[in-house]
Amino acid sequence: MKVEKVMVVGAGQMGSGIAQVCAQAGYIVLLNDLKPEFVERGLGVINKNLSRNVEKGRMTEEQKQAVLDRITVSTDLQDAAEVDLVIEAAVENMEVKSNIFAQLDKIAPAHAILASNTSSLPITEIAAATNRPDKVIGMHFMNPVPVMKLVEIIRGLATSDEVYQVIEDMTKSLSKVPVEVNDFPGFVSNRVLMPMINEAIYTLYEGVATKEAIDEVMKLGMNHPMGPLTLADFIGLDTCLYIMETLHEGFGDDKYRPCPLLRKYVKAGWLGRKTGRGFYVYE
Ligand SMILES: CC(=O)CC(=O)SCCNC(=O)CCNC(=O)[C@H](O)C(C)(C)COP(=O)(O)OP(=O)(O)OC[C@H]1O[C@@H](n2cnc3c(N)ncnc32)[C@H](O)[C@@H]1OP(=O)(O)O
Ligand SMILES: NC(=O)C1=CN([C@@H]2O[C@H](COP(=O)(O)OP(=O)(O)OC[C@H]3O[C@@H](n4cnc5c(N)ncnc54)[C@H](O)[C@@H]3O)[C@@H](O)[C@H]2O)C=CC1
């Protein structure tokens, strides 16, 4: 099967990045969100990223326009009727994702693959909302999508070898590096990363050090490009909390309990960069 037309559901920070890299690789892209203004916001980010590429001499103005021309705005899942692949990047919530997948299953052509960019939720459970679990797969991009090389590809219990192969090839066509993992909570990336971020939040909560000091230790001491609290703000504190809850519930092990300070920030609406305030304040 050849993928030509892709729908990206969710035009937030991940969905817009995924749409950008797909369009840059020559795919026809439908960028879907609940409201036109949400898709416009995503398109604005894409436009800015592409303009930076033009300024840096990595692409011409014509090439930028050609990439933008390959992206169409959508606010109706019915637009999935003619696509070969859907990559869902809506919020990290099983009810929302199951609902989207159940609808897509009815709308998308029989050959279409339904992928989720979930950062921790079970692909097998998302697949169970459809009548095509063999064609459901995890395609976990990293943030910021245009920069990060990795795509973690997650096989659900019923994902077919053929579908895995199509997605692996497609990932390579985006100039990304696919890594295969099995379907367990948090996969590999967030099983390892998120408890570290949660522990950094505990060190702040317990007054071990200031936020700046915690970040500095991990940046200068471990050569991490961002300290863990800066990275949490970058990922989104709501997403961090959803992931910790998935690990906690999925393994039933208290070592994954989310830090109360993380819960407090999310309840306050301090979700990080995207709301202008998290552990740090953003302009
Ligand atoms: C939660 C999950 O499920 C999984 C995840 O994604 S976890 C998060 C994984 N991501 C990380 O860990 C990111 C860690 N941080 C980094 O790697 C780096 O800080 C960074 C790449 C984000 C920025 O790098 P930096 O050197 O600090 O800053 P900067 O020099 O401004 O940027 C480097 C390049 O990235 C680009 N860039 C930075 N942020 C970007 C963004 N949001 N979108 C697109 N491009 C971006 C810049 O334009 C720049 O590109 P050029 O050099 O080619 O012009
Ligand atoms: N933020 C990160 O660093 C990473 C996030 N992810 C995953 O990607 C997904 C999206 O995360 P972000 O882009 O950070 O979130 P975000 O909050 O920036 O964007 C989510 C978008 O989905 C839209 N949306 C919600 N319900 C929808 C629906 N029913 N139909 C269509 N659109 C809908 C929202 O309006 C919003 O624009 C989540 O599953 C998250 O776990 C994966 C890798 C990294």
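Below, all heavy atoms of this structure are taken into account, side chains as well, without hydrogens, waters or symmetry copies. Numbering of ligands and ligand atoms starts at 1, following listing order.
Between Lys274, Glu92, Arg41, it is Lys274 that holds the heavy atom closest to atom 15 (O) of ligand 2. Of the options Gly10, Gly17, Ala90, the smallest heavy-atom separation from atom 10 (C) of ligand 2 is shown by Ala90.
Checking only distances, Thr239 never comes within under 3.5 Å of ligand 2, N or O to N or O. Looking at ligand 2, you won't find any N or O of His140 less than 3.5 Å from one of its N or O atoms. By the 3.5 Å distance cut-off applied to N or O atoms, Gly15 is not counted among the residues near ligand 2. At least one N or O atom of Gln13, backbone or side chain, sits closer than 3.5 Å to an N or O atom of ligand 2.
Checking Thr118, Thr246, Thr239 one by one against Glu92, the side chain to side chain donor-acceptor pair (under 3.5 Å) holds for a single residue, Thr118. No option in Gln65, Glu61, Glu55, Lys64 other than Lys64 meets the side chain to side chain contact (heavy atoms under 4.5 Å, CB included) test with Leu50.
Judged as a salt bridge (Lys or Arg N to Asp or Glu O under 4.0 Å), and not counting sequence neighbours, the contacts of Asp238 are Lys274. Not a single salt bridge (Lys or Arg N to Asp or Glu O under 4.0 Å) links Lys211 to another residue, sequence neighbours left out.
With Asp183 contributing its side chain and Ile123 its backbone, the two residues share a donor-acceptor pair below 3.5 Å.
In terms of protein heavy-atom proximity, atom 5 (C) of ligand 2 is closest to Met14 CG, 3.4 Å. The single protein non-hydrogen atom nearest to atom 35 (O) of ligand 2 is Asp33 OD1, 2.7 Å, given as residue, atom name and distance. With respect to atom 41 (O) of ligand 2, the closest heavy atom belonging to the protein is Ser119 OG, 2.5 Å. Atom 3 (O) of ligand 2 has its closest protein heavy atom at Asn143 ND2, 3.1 Å. Atom 30 (N) of ligand 2 has its closest protein heavy atom at Leu34 CD2, 3.5 Å.
Using a 4.0 Å cutoff on heavy atoms, Ala89 counts as a contact of ligand 2. Every heavy atom of Met142 sits 4.0 Å or more from the atoms of ligand 2.
Within the listing of ligand 2, atoms 30 (N), 31 (C) sit less than 4.0 angstrom from a heavy atom of Val9. Near Ile235, with a cut-off below 4.0 Å to any heavy atom, the atoms of ligand 2 are 1 (N), 2 (C), 3 (O). Of all atoms in ligand 2, listed by their number and element, those nearer than 4.0 Å to a heavy atom of Asn32 are 31 (C). Residue Phe38 has at least one heavy-atom neighbour below 4.0 Å for each of these atoms of ligand 2: 35 (O). Against a heavy-atom cut-off of under 4.0 Å, Ile100 is close to the following atoms of ligand 2: 28 (C), 29 (N), 30 (N). Every atom of ligand 2 with a heavy atom of Gly12 under 4.0 Å away is listed here by number and element: 13 (O), 18 (O), 19 (O), 21 (C), 37 (O).
Separating the CZ atom in Phe141 from the CD1 atom in Ile87 is a distance of 4.5 Å, to the nearest 0.5 Å. Rounding to the nearest 0.5 Å places NZ of Lys267 at 10.5 Å from CG of Leu262. Expressed to the nearest 0.5 Å, how far CG of Asp105 lies from NZ of Lys135 amounts to 10.0 Å. The distance from the CD atom of Glu88 to the CD1 atom of Ile18 is 9.0 Å, given to the nearest 0.5 Å.
If you look at Phe141 next to ligand 2, the close heavy atoms, those under 4.0 Å, all belong to the backbone. For Asn117, heavy-atom contacts with ligand 2 shorter than 4.0 Å involve the backbone as well as the side chain. The proximity of Lys97 to ligand 2, defined as any non-hydrogen pair under 4.0 Å, is limited to the side chain.
Side-chain polar atoms of Gln165 and Glu168 form a donor-acceptor pair below 3.5 angstrom. Between the side chains of Asn131 and Lys106, no donor N or O sits under 3.5 Å from an acceptor N or O.
Legend: side chain to side chain donor-acceptor pair (under 3.5 Å) pairs involving residues 28-38, not counting sequence neighbours, sorted by first then second residue: Asn32-Ser74.
If you chain together hydrophobic residues whose side chains sit under 4.5 Å apart, Leu174 and Leu31 fall into the same group.
Minimum interatomic distance between Val163 and Asp134 (heavy atoms only, all atoms of both residues): CG2-O, 3.5 Å. Minimum interatomic distance between Gln13 and Asn143 (heavy atoms only, all atoms of both residues): OE1-ND2, 3.3 Å. Heavy atoms only, all atoms of each residue included: Ile126 and Lys97 are closest at CD1-CD, 4.0 Å.
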Every pair of nitrogen or oxygen atoms between ligand 1 and the protein that is under 3.5 angstrom apart - can you list them with their distances to 0.1 Å?
| unit_1 | atom_1 | unit_2 | atom_2 | d |
| --- | --- | --- | --- | --- |
| ligand 1 | 3 (O) | His140 | NE2 | 2.7 |
| ligand 1 | 3 (O) | Asn190 | ND2 | 2.8 |
| ligand 1 | 6 (O) | Asn143 | N | 2.9 |
| ligand 1 | 10 (N) | Asn143 | O | 2.7 |
| ligand 1 | 45 (N) | Arg52 | NH2 | 3.0 |
| ligand 1 | 48 (O) | Arg52 | NE | 3.0 |
| ligand 1 | 48 (O) | Arg52 | NH2 | 3.2 |
| ligand 1 | 53 (O) | Arg58 | NH2 | 2.4 |
| ligand 1 | 54 (O) | Lys56 | NZ | 2.7 |
| ligand 1 | 54 (O) | Arg58 | NH2 | 3.2 |

